[in-house]
Every structure is written in C-alpha cells, then in structure tokens.
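Letters A, B, ... mirror the listed sequences (proteins, then strands); counts begin at 1. Quick caveat: nothing in here was measured; it's all calculated off a predicted structure.
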Amino acid sequence: MRVRFAPSPTGQLHVGNARTALFNWLLARGHGGTFILRIEDTDAERSTKVSEDSILEDLRWLGLEWDEGPDVGGGCGPYRQSERLHLYTSYANELLGAGYAYYCFCSPQKLDADRKQDLAAGRPPRYHGTCRSVGPDEARRRMEAGERAVVRFRVPDHIDISFHDLVRGEVTFNTDNIGDFVLIRSDGRPQYNFAVVIDDALMEVTHVIRGEDHISNTPKQVLVYRALTFSPPRFAHLALVMGPDHTPLSKRHGATSVAEFRDRGYLPEALMNYLALIGWSPRSDAANPGSSDELLPMDELARRFALEDVGHSAGVFDPEKLAWMNRHYMKSLPPSRVAAEAARFFTARGYLRKMTDAAAAYLESLLPMAAGSVDRLEEIPERLAFLFEYDAEAASEKADVGAVVQEPGARDVIAAMPDAIAGAMLDRESFRAMAARVREKTGQKGKALFHPIRAALTGEVGGPELDLAVPAIDRGAGLPGDAGLARIQDCAFRARSFAAAVLRGR
RNA sequence: GUCCCCAUCGUCCAGAGGCCCAGGACGUGGCCCUUUCAAGGCCAAAACACGGGUUCGAAUCCCGUUGGGGACGCCA
C-alpha cells in the first residue's frame with residue numbers, strides 16, 4: 001500500500017488538510033504501507049518556499065512523518081511538481097499524438113464569455129469545443145506565428161464514468177457535464193488534474209485519500225488514466241470539516257491553521273486524536289459494549305483505523321471537545337514531554353530566560369499543580385504567575401485580595417505568619433506545620449486560616465493547592481541564579497512584606 | 001442553473017430490519033468532594049428532518065420533498 005498527502009504550498013497547513021494527512025498516515029501505518037509527501041507547486045503565482053517549509057514543519061510537529069518526500073527523497077522522486085515538468089510535457093505529447101488531446105487557442109476573455117452564457121442559459125458551464133477541430137498542422141502554424149495555446153483533453157461525449165469510492169461506494173458522472181479540461185497551460189506548466197494522475201501513477205500510489213472537494217475531479221482523472229493506460233488507484237473521498245454554522249471552516253471561526261493551534265498551546269497528540277474522531281470512530285469493542293474508546297494514541301488509532309468505518313457526512317469542528325482532549329493529554333503525557341512543549345510559553349512571559357537542566361526539572365515539577373486545571377499549555381505559566389510575579393504591595397491593593405484581608409481574623413493570621421515560618425518549606429509537611437503554628441497562635445482554622453495564608457504567600461485568592469504551591473515557591477526561591485529562571489521570592493520574605501503592606505495603617 | 005455527495009441529541013460518533021420508548025463522548029444543568037479557582041466523581045435534560053412506500057416489524061431498505069455541502073478555472 002502506498003498513500004500520499006499532496007498539499008500545495010500556498011499558505012499554512014489547515015486543520016482540514018491536517019486531517020486528510022492524518023487519515024492517509026493512519027492507513028499507511030496501520031497496514032505497513034508507505035506514506036508519501038508530494039508538494040503540488042505548479043501554481044507559480046501562489047506557491048512559496050515559506051509555505052512549503054511551514055507545512056513540513058507542521059506535519060513533523062504533528063508526528064506525521066513521511067517515508068518519501070521532497071526533503072527525504074525516495075525511489076519515485078522528485079517529490080515537488082515544479083521539478084517534474086519534463087514528465088508532464090512528455091505525457092502530454094503522448095496524448096496529443098494519440099488524439100486524446102488537442103491545442104486550444106481560445107482567449108481567457110472568450111472562455112469567460114462562454115461560461116457566463118452557459119450559466120445564464122441554465123447549462124453546465126463547460127468548454128464549447130471551439131478548438132477541437134484545429135488540426136496538428138494548423139496548430140503548429142499558429143504557434144509558430146506566436147499564438148499561445150493550452151493543451152486540452154478531448155472528453156468523450158455522452159458516456160458515464162464510474163469509479164468505486166472506498167467510503168461512498170459507486171459514484172457515476174456523465175461526461176456531458178465535463179468540459180474538455182486543460183492538461184498543460186499556455187506557459188507549459190501542467191494543470192492539477194493532469195499532474196496528479198501522472199504523479200500518482202508514477203509514484204505507484206495505490207490509495208488516493210483526499211477531501212470531498214475533489215470528488216468531481218475524479219472522473220476527469222479516470223479519463224486520463226485510461227488514455228494513458230495507467231491503472232487507476234483506489235479512491236476515497238473524505239467529507240469536509242465545517243465551522244459551527246455549517247459553512248467551510250475558515251478564519252471567521254477562529255483558529256484554523258495547525259500553527260495557530262500550536263501557538264495557542266495545544267498538544268499535537270490532542271489535535272491528532274481529536275481530528276481522527278471527526279468523521280470516524282473506532283469500532284466499538286464487542287467484548288465491552290458501551291465503553292468509550294475516544295482517547296487513543298496515534299499508534300492505537302493506526303491499528304484500528306479502517307476506511308470502511310469513515311463516515312459520509314461533513315462534521316463540525318468543535319473547539320470545546322478539542323480543549324477537553326488537550327486537558328487530558330496535558331495530564332496524561334509524561335511531564336517531561338509536556339514541560340518541553342510548554343517551555344516556550346514560560347519564555348514568552350519572561351519566566352524562563354534560558355533552558356537549563358535545573359530549569360527543566362523545576363518546570364516539570366510544577367506541572368502536576370497546573371496542567372490538570374487549564375485547557376491549554378499557554379495558560380500554564382499564567383496559572384503559575386504567583387511564583388514569578390509576586391509583589392506584596394500590588395497584591396494588597398487588589399480588590400479580591402482586599403476582601404480576603406477584611407475577613408474576620410484574617411489580619412491576625414497575616415500578622416502571625418512571619419514568625420510561624422521557621423525556614424524554607426520544601427514539602428507539604430513543613431507547610432502544614434507552619435499552618436498549624438498559625439492556627440495555634442490565632443485560633444483560626446479552615447477557610448479563615450487558609451484564605452489569608454494564600455493571599456499572603458501568592459498574592460492571589462485562587463490557584464493551585466497550597467500543599468503544592470507553597471513548596472514550589474520555596475524550591476523555586478532556592479534555585480541558583482544561573483538556573484535560567486526569573487527570580488522567585490521565598491515565603492519568608494513574602495509573609496513579611498505582605499504583612500507590612502497590609503498592616504501598615506493599623 | 002446543472003451535476004455529485006450528505007442527513008441520529010446543540011456538537012462528534014454508535015446503530016449495517018426486531019437486542020432501540022435509540023447507546024457513548026464533548027458541552028449544558030444539578031448534586032458530591034473541597035482550605036480557593038480549577039480538576040475529579042455521580043445524576044439529569046437532550047436526537048432518528050419531512051412525506052410516501054416495502055415489510056408481520058424500519059433510525060436502519062426504496063422513492064420523493066426539504067435542508068446542507070461540494071464541483072462546474074490556463075486554482076489545487
């Protein structure tokens with residue numbers, strides 16, 4: 001089995017395309033097949049190297065490694081259409097010679113006028129066949145005289161073209177609705193429907209899995225396969241991914257490119273798992289009916305994936321469910337993996353200046369208290385701001401902190417804290433011991449005790465469990481200056497300065 | 001306009017004629033847990049687009065309607 005993903009480098013990798021890539025990858029990996037990456041850059045105006053590079057980067061980040069492609073090579077290269085032009089020319093000449101194709105000299109203006117006329121008359125807009133009768137000799141004369149020509153495929157009239165779609169079944173189109181399409185443009189570059197056929201055939205692609213937007217191109221391609229006596233691959237067309245309003249997913253709906261999801265702090269594991277579940281679900285486990293099998297790693301998805309189980313209808317992209325999955329993966333993936341992926345967000349906030357072993361270890365140790373309670377990696381440093389941005393003075397001015405301070409007994413707790421802190425609290429026990437001393441001294445307990453403690457030590461009224469947060473503060477404060485992290489003030493200092501700020505006027 | 005595809009809770013899926021007064025997940029609501037915000041646990045509300053057939057029996061098969069999507073380029 002050989003499958004391929006063939007993006008055109010005209011922009012960022014879109015989640016819809018990422019899903020198409022994923023389905024191809026899953027099929028290949030699940031069947032010991034080969035996953036090919038081919039760059040369809042025949043549109044010289046819109047294709048850019050920047051886009052190509054970013055698409056490759058995104059695919060790698062997603063974990064969709066390819067076996068053959070522009071950068072890794074392979075036996076059927078080159079894998080960039082712009083480097084295969086001689087092949088298209090040669091096959092086009094073959095079709096021209098055999099009468100399957102002809103030169104067309106119609107101007108874009110005339111084509112446009114014809115199209116409008118068809119539409120107005122309620123006919124399917126298709127090429128009128130004006131140049132069908134131009135013979136080879138006349139064509140040569142006109143080209144020598146400087147006229148520009150495209151090469152068109154001569155579509156036979158009144159016949160049905162059928163193909164078996166692996167997800168949809170038998171699909172039939174009548175050629176009466178298909179105009180003579182362009183094979184080679186006037187500048188010599190191939191047109192999509194021609195280039196794909198040559199490439200898929202030469203690259204020995206066995207299964208073409210692509211978006212449903214290509215289904216009406218398929219009969220054209222079948223025609224080319226036949227004319228060239230290539231045997232066509234198996235086709236499978238995937239229903240499209242839509243926005244909440246059932247229009248094609250676009251920027252209007254928020255993030256749509258893989259890069260945007262990465263920038264917002266989604267894990268590739270979550271994005272892939274989520275995308276796999278739009279339009280497909282793993283066979284329900286016969287031995288365990290009613291069990292939910294949604295959270296599956298890539299290798300397990302690949303093991304279970306089958307085209308027969310792919311749905312026929314378009315699915316709506318649901319950011320809420322993606323967020324839920326992301327939460328799951330932030331909690332369940334190895335902390336080192338999550339920390340590595342989250343590091344850039346600490347850097348962006350200025351909390352991480354240089355990645356060192358000590359910084360990595362510290363960040364990793366923070367994850368249990370933060371990763372389970374937010375949706376995205378980007379929110380992790382936010383939730384840990386109390387570590388790196390503590391300021392007693394500023395905190396005491398905040399309304400919510402002020403409210404806590406006003407609670408009965410709160411000031412006593414705050415006043416008692418500096419003395420109760422015996423030394424660095426590096427574990428849960430030493431923190432609890434400190435809290436016990438304050439309780440003894442003030443008689444406060446429960447919320448009345450812990451709310452002021454939290455306010456004093458973190459400058460906030462909510463946040464991670466104090467059992468975890470307090471030791472994290474003092475462990476962070478003990479880090480050497482060259483650890484690469486922003487300075488963290490210790491609890492003893494915090495308690496003193498907070499008490500000073502709050503009790504000053506008393 | 002013409003052709004093609006599609007149609008189960010708000011959303012993603014399960015359901016391949018009786019197991020379905022339709023099952024799971026996300027989200028929503030409630031309750032519980034709790035030194036905070038979250039998280040987590042439990043419970044609940046919530047759907048077979050409509051109309052005809054076929055059949056002893058239809059969410060499942062057929063036809064039509066409606067609705068949605070795609071395509072009709074010297075874009076891919």
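Toward the 5' end of RNA chain B, the nearer of the two residues A:Trp280 and A:Ala121, judged by each one's closest nucleotide, is A:Ala121. Between A:Arg432 and A:Cys104, it is A:Arg432 whose nearest contact on RNA chain B lies nearer the 5' terminus.
Among the protein residues, A:Pro248 comes within range of the sugar-phosphate backbone only, with heavy atoms under 4.0 Å from sugar or phosphate atoms but none that close to a base. Backbone-only contact: A:Ser313 has heavy atoms under 4.0 Å from sugar-phosphate atoms and none from a base. Base contact: A:Asp467 has a heavy atom under 4.0 Å from a base atom. Looking at heavy-atom distances under 4.0 Å, A:Arg454 makes contact with a base. Within the nucleic acid shown, A:Glu45 has no heavy atom closer than 4.0 Å to any nucleic acid atom. In this structure, A:Gly372 reaches the sugar-phosphate backbone alone: every heavy-atom distance under 4.0 Å involves primed, P, OP1 or OP2 atoms, never a base. Residue A:Met325 is classed as having no contact, given no heavy-atom separation below 4.0 Å to the nucleic acid. Among the atoms of the strands shown, none is found under 4.0 Å from any heavy atom of A:Gly211. The residue A:Asp112 sits apart from the nucleic acid: no heavy atom pair falls under 4.0 Å. In this structure, A:Gly122 reaches the sugar-phosphate backbone alone: every heavy-atom distance under 4.0 Å involves primed, P, OP1 or OP2 atoms, never a base. Among the protein residues, A:Leu449 comes within range of no part of the nucleic acid, since none of its heavy atoms lies under 4.0 Å from any strand. Backbone-only engagement by A:Thr42 is indicated by non-hydrogen atom pairs under 4.0 Å involving sugar-phosphate atoms exclusively. Among the protein residues, A:Val150 comes within range of the nucleic acid bases, having at least one heavy atom under 4.0 Å from a base atom.
Between the P atom of B:C3 and the NE2 atom of A:His237 lies a distance of 20 Å, rounded to the nearest Å. Straight-line distance from the CG atom of A:Leu240 to the C1' atom of B:C4: 13 Å, rounded to whole Å. For the pair A:Asp293 CG and B:G23 P, the computed distance is 18 Å after rounding to whole Å. Across the protein-nucleic acid pair, A:Phe153 atom CZ and B:G73 atom P stand 17 Å apart, rounded to whole Å. Atom CG of A:Asp400 is separated from atom P of B:A38 by 14 Å (rounded to the nearest Å). Distance A:Leu238 CG to B:C5 P: 16 Å, rounded to the nearest Å. Taking atom CZ on A:Arg115 and atom C1' on B:C74, their separation rounds to 10 Å, with Å as the unit. For the pair A:Leu468 CG and B:U36 C1', the interatomic distance rounds to 14 Å; values are reported in whole Å.
Across B:A76 and B:G10, the matching P atoms stand 41 Å from one another, rounded to whole Å. Taking atom P on both B:U11 and B:G68, the two are 14 Å apart, rounded to the nearest angstrom. A distance of about 14 Å separates the P atoms of B:G23 and B:A16, rounded to the whole Å. Comparing the P positions of B:G52 and B:C19 gives a spacing of 23 Å, expressed to the nearest Å. Comparing the P positions of B:G17 and B:A58 gives a spacing of 14 Å, expressed to the nearest Å. A gap of 13 Å separates the P atoms of B:C61 and B:U8, to the nearest Å. Only the C1' atoms considered, B:G41 is 37 Å distant from B:A49, to the nearest whole Å. Across the C1' atoms, B:C9 and B:C26 are found 12 Å apart, a figure rounded to whole Å.
The side chain of A:Ser216 places no N or O atom within less than 4.0 Å of a non-bridging phosphate oxygen (OP1 or OP2) of B:C5. Within the 4.0 Å cut-off from OP1 or OP2 of B:A38, not a single side-chain nitrogen or oxygen of A:Arg327 is found. Dashed line: the shortest gap from a side-chain N or O of A:His312 to OP1 or OP2 of B:C6 is under 4.0 Å. One finds a side-chain N or O of A:Lys331 lying less than 4.0 angstrom from the OP1 or OP2 phosphate oxygen of B:G40.
Here the side chain of A:Tyr192 is nearest to one of B:G1, B:C26, B:A76, namely B:A76. Distance from the side chain of A:Pro124 is smallest to B:U2 among B:C5, B:U2, B:G24. Comparing B:C74, B:G1, B:C5 by their closest approach to the side chain of A:Ser186 singles out B:C74. Checked against B:G68, B:C26, B:C74, the side chain of A:His246 finds its nearest nucleotide in B:G68. Of the candidates B:C37, B:U2, B:A76, B:A76 carries the atom nearest the A:Gln191 side chain, counting heavy atoms from C-beta on.
With both pairing distances under 3.5 Å, B:U35 is matched to nothing as a Watson-Crick or G-U wobble pair. Across the strands present, B:G67 finds its partner in B:C6; the criterion is a Watson-Crick or G-U wobble pair with both atom distances under 3.5 angstrom. Nucleotide B:G57 has no partner under the Watson-Crick or G-U criteria, as no pair reaches both atom distances under 3.5 Å. Using Watson-Crick or G-U wobble geometry with both donor-acceptor distances under 3.5 Å, B:C21 finds no partner in any strand shown. B:G27 is unpaired under the criterion used here, namely a Watson-Crick or G-U wobble arrangement in which both key atom distances are under 3.5 Å.
A salt bridge links A:Lys321 to A:Glu294: at least one charged side-chain nitrogen sits closer than 4.0 Å to a carboxylate oxygen. The pair A:Arg303-A:Glu300 meets the salt-bridge criterion, with a side-chain N (NZ, NE, NH1 or NH2) lying under 4.0 Å from an Asp/Glu carboxylate O. Look at A:Arg428 and A:Asp474 and you find no salt bridge, because none of the NZ, NE, NH1 or NH2 atoms lies under 4.0 Å from a carboxylate O. Salt bridge A:Arg126/A:Asp118: absent, no basic N to carboxylate O contact under 4.0 Å.
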Decide yes or no on side-chain hydrogen bond (donor to acceptor under 3.5 Å, both in side chains) for A:Asp245 and A:His253, but give the supporting numbers first.
CA-CA 9 Å; A:Asp245 56 357; A:His253 301 114; 2.7 Å; yes
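Between A:Trp66 and A:Phe5, the ring centre distance reaches or exceeds 6.0 Å. Taking the six-membered ring for Trp, A:Tyr127 and A:Phe181 have ring centres at least 6.0 Å apart. Under the 6.0 Å cut-off for aromatic ring centres, A:Tyr266 and A:Tyr329 do not qualify, their centroids lying 6.0 Å or more apart.
No side-chain donor-acceptor contact under 3.5 Å links A:Arg234 and A:His164.
The aromatic ring of A:Trp324 does not stack onto the base of B:C26, failing the criterion of a centre distance under 5.5 Å from the six-membered base ring together with planes under 30° apart.
Side-chain N/O atoms of A:Asn217 and base N/O atoms of B:A76 include a donor-acceptor pair closer than 3.5 Å.
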